[in-house]
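Heads up: the structure comes next, in structure tokens.
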Number of protein chains: 2
Amino acid sequence: MADDGAGRPGGESLLFLTDEQLKKGIEAMFFAYRGFTADPDRILAHYAYGRAHHRALHFINRAPGTTVNNLLAILGVTKQSLNRVLRTLIADGLVESRVGTRDKRERHLHLTDKGHALESELSDAQRDRLRAAYRAAGPEAVAGFRRVLEAMMEPEIRRHFRTLREERA
Amino acid sequence: MADDGAGRPGGESLLFLTDEQLKKGIEAMFFAYRGFTADPDRILAHYAYGRAHHRALHFINRAPGTTVNNLLAILGVTKQSLNRVLRTLIADGLVESRVGTRDKRERHLHLTDKGHALESELSDAQRDRLRAAYRAAGPEAVAGFRRVLEAMMEPEIRRHFRTLREERA
DNA sequence: GAGCTTACGTCAGCCTTGTTGACATTCCAA
DNA sequence: TTGGAATGTCAACAAGGCTGACGTAAGCTC
């Protein structure tokens with residue numbers, strides 16, 4: 001460790017950029033992500049669903065009426081992969097697929113009541129963990145957390161992410 | 001900027017705990033984690049390895065001479081799953097497995113030169129992304145980022161994580 | 001020294017979730 | 001009318017999780 005010592009004027013301490021600090025950050029991401037998914041994973045196991053189902057439910061809930069192609073782009077998977085998940089969700093009555101009115105090739109996806117119920121259950125668990133973490137870390141930490149996460153995204157996704165934020169303010 | 005209004009004495013703004021803010025946090029974690037793994041994933045594809053190999057290389061590098069059981073606990077997978085990965089890494093000459101001296105039942109894992117080379121390649125790419133994100137967000141954001149991530153981990157892992165930190169200061 | 005426990009490896013089989021490639025259908029738009 | 005876009009589906013495959021069972025060597029305990 002050591003090197004790049006104190007805070008110089010105009011250039012704050014760069015200790016947070018040492019390889020050691022960066023490696024700790026990498027590990028923190030790994031471990032935190034595991035914690036982040038642990039609660040929903042436990043719940044999903046009861047229903048014989050997986051993370052892929054959770055993600056689909058989440059984003060359909062966030063953008064009701066979204067098209068399959070849209071969802072594909074957000075989730076970053078192939079249509080075959082998404083279709084498998086979507087098929088079971090539709091068959092199980094959690095998701096409804098409506099043929100588009102303007103463009104009948106498109107399918108607009110909506111959660112049913114049952115779908116909302118599961119989405120809420122998953123969402124509640126995950127929010128509880130995040131809320132606890134936010135509370136423990138404090139509001140300034142949360143702002144920093146969000147800034148770093150945003151900077152870590154692929155540029156195209158970041159644009160999308162920011163768009164979503166504005167829409168919902 | 002934006003949200004979380006003023007700081008009241010003793011009890012700062014709690015706007016960062018609204019469901020909407022929490023959902024944005026959840027999405028940020030999802031998208032950021034994808035960015036976080038994107039570069040190593042691309043590199044791994046060249047070598048026909050996957051994320052599991054990366055994780056093994058990372059933690060063996062971090063704790064040279066670690067035992068299989070140790071690694072199992074950190075990675076949170078079964079020994080069968082780890083073994084599959086370890087076997088290929090050993091067969092390909094990236095990892096060396098040495099019989100323990102004190103306890104001959106244990107295998108102590110080390111990276112070979114070749115192993116170090118790949119680990120560095122992966123690590124460099126991932127650190128570059130994190131470094132760029134840190135730089136963009138600033139040192140205070142980084143501190144907050146780390147605090148939230150730590151608070152998000154499972155308690156047992158958090159203890160382990162903090163132990164590692166102390167050892168390396 | 002006998003017997004239990006631990007650490008590790010391995011075989012077999014299963015699941016989820018990702019991938020490619022090929023192909024059919026529907027329907028908008030030029 | 002025809003090309004291309006959006007969607008769905010089939011088949012096959014791979015990575016990387018999992019469980020269960022079994023074997024071996026080594027350490028520990030009585």
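A, B, ... follow the sequence lines: proteins, then strands. Residue 1 opens every chain.
- Between A/Arg107 atom CZ and D/dA6 atom P the separation is 13 Å, expressed in whole Å.
- Side-chain nitrogen and oxygen atoms of B/Arg55 include at least one within less than 4.0 Å of the OP1 or OP2 phosphate oxygen of D/dG17.
- Per the geometry, CG belonging to A/Asn69 stands 5 Å off P belonging to D/dA6, to the nearest Å.
- In this structure, the CG atom of B/Leu72 is 12 Å from the C1' atom of C/dG9, given to the nearest Å.
- Atom CD of B/Glu106 is separated from atom P of D/dT24 by 21 Å (rounded to the nearest Å).
- Contacts with DNA chain C (heavy atom under 4.0 Å) in residues 78-88 of chain A: A/Thr78, A/Gln80, A/Ser81, A/Arg84, listed by number.
- Atom pair B/Asp41:CG and C/dG18:P shows a separation of 13 Å (rounding to whole Å applied).
- Taking the six-membered ring wherever Trp is involved, the centroid distance between the rings of A/Phe30 and A/Phe36 does not fall below 6.0 Å.
- One side chain, A/Glu119 or A/Asn61, offers a donor N or O that lies under 3.5 Å from an acceptor on the other.
- The salt bridge (Lys or Arg N to Asp or Glu O under 4.0 Å) search around A/Arg127 returns A/Asp124, B/Asp19, not counting sequence neighbours.
- Summary of the strand contacts: B/Arg105 and A/Arg105 both lie near DNA chain D, and taking for each the nucleotide with the nearest heavy atom, the more 5' one is attributed to A/Arg105.
- Between A/Arg102 and C/dA29 there is no side-chain N or O to OP1 or OP2 distance below 4.0 Å.
- If you measure from atom NZ of B/Lys104 to atom P of D/dC28, you get 12 Å, rounded to the nearest angstrom.
- Of the N and O atoms on the side chains of B/Asp92 and B/Tyr47, not one donor lies less than 3.5 Å from an acceptor on the other residue.
- Using modelled atom types, one finds a donor on one side chain and an acceptor on the other under 3.5 Å when comparing B/Thr37 with B/Arg51.
- Salt bridge status for A/Glu96 with A/Arg98: present, with a side-chain N to carboxylate O gap under 4.0 Å.
- Under 4.0 angstrom from either OP1 or OP2 of D/dA15 there lies no side-chain N or O belonging to B/His53.
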B/Met153 and B/Glu150: CA distance, side-chain angles, deciding distance, side-chain contact (heavy atoms from CB on, under 4.5 Å) verdict: CA-CA 5 Å; B/Met153 297 175 194; B/Glu150 250 191 69; 4.1 Å; yes
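- When each of B/Asn70 and A/Ala48 is assigned the nucleotide of DNA chain C with its nearest heavy atom, B/Asn70 is the one assigned upstream, toward the 5' end.
- Rounded to a whole Å, the CZ atom of A/Arg98 is 21 Å from the P atom of D/dA6.
- Among the nucleotides D/dG8, C/dG18, D/dA26, the one closest to the side chain of A/Val68 is D/dG8.
- Nucleotide C/dG18 holds its P atom 10 Å from the CZ atom of B/Arg51, rounded to whole Å.
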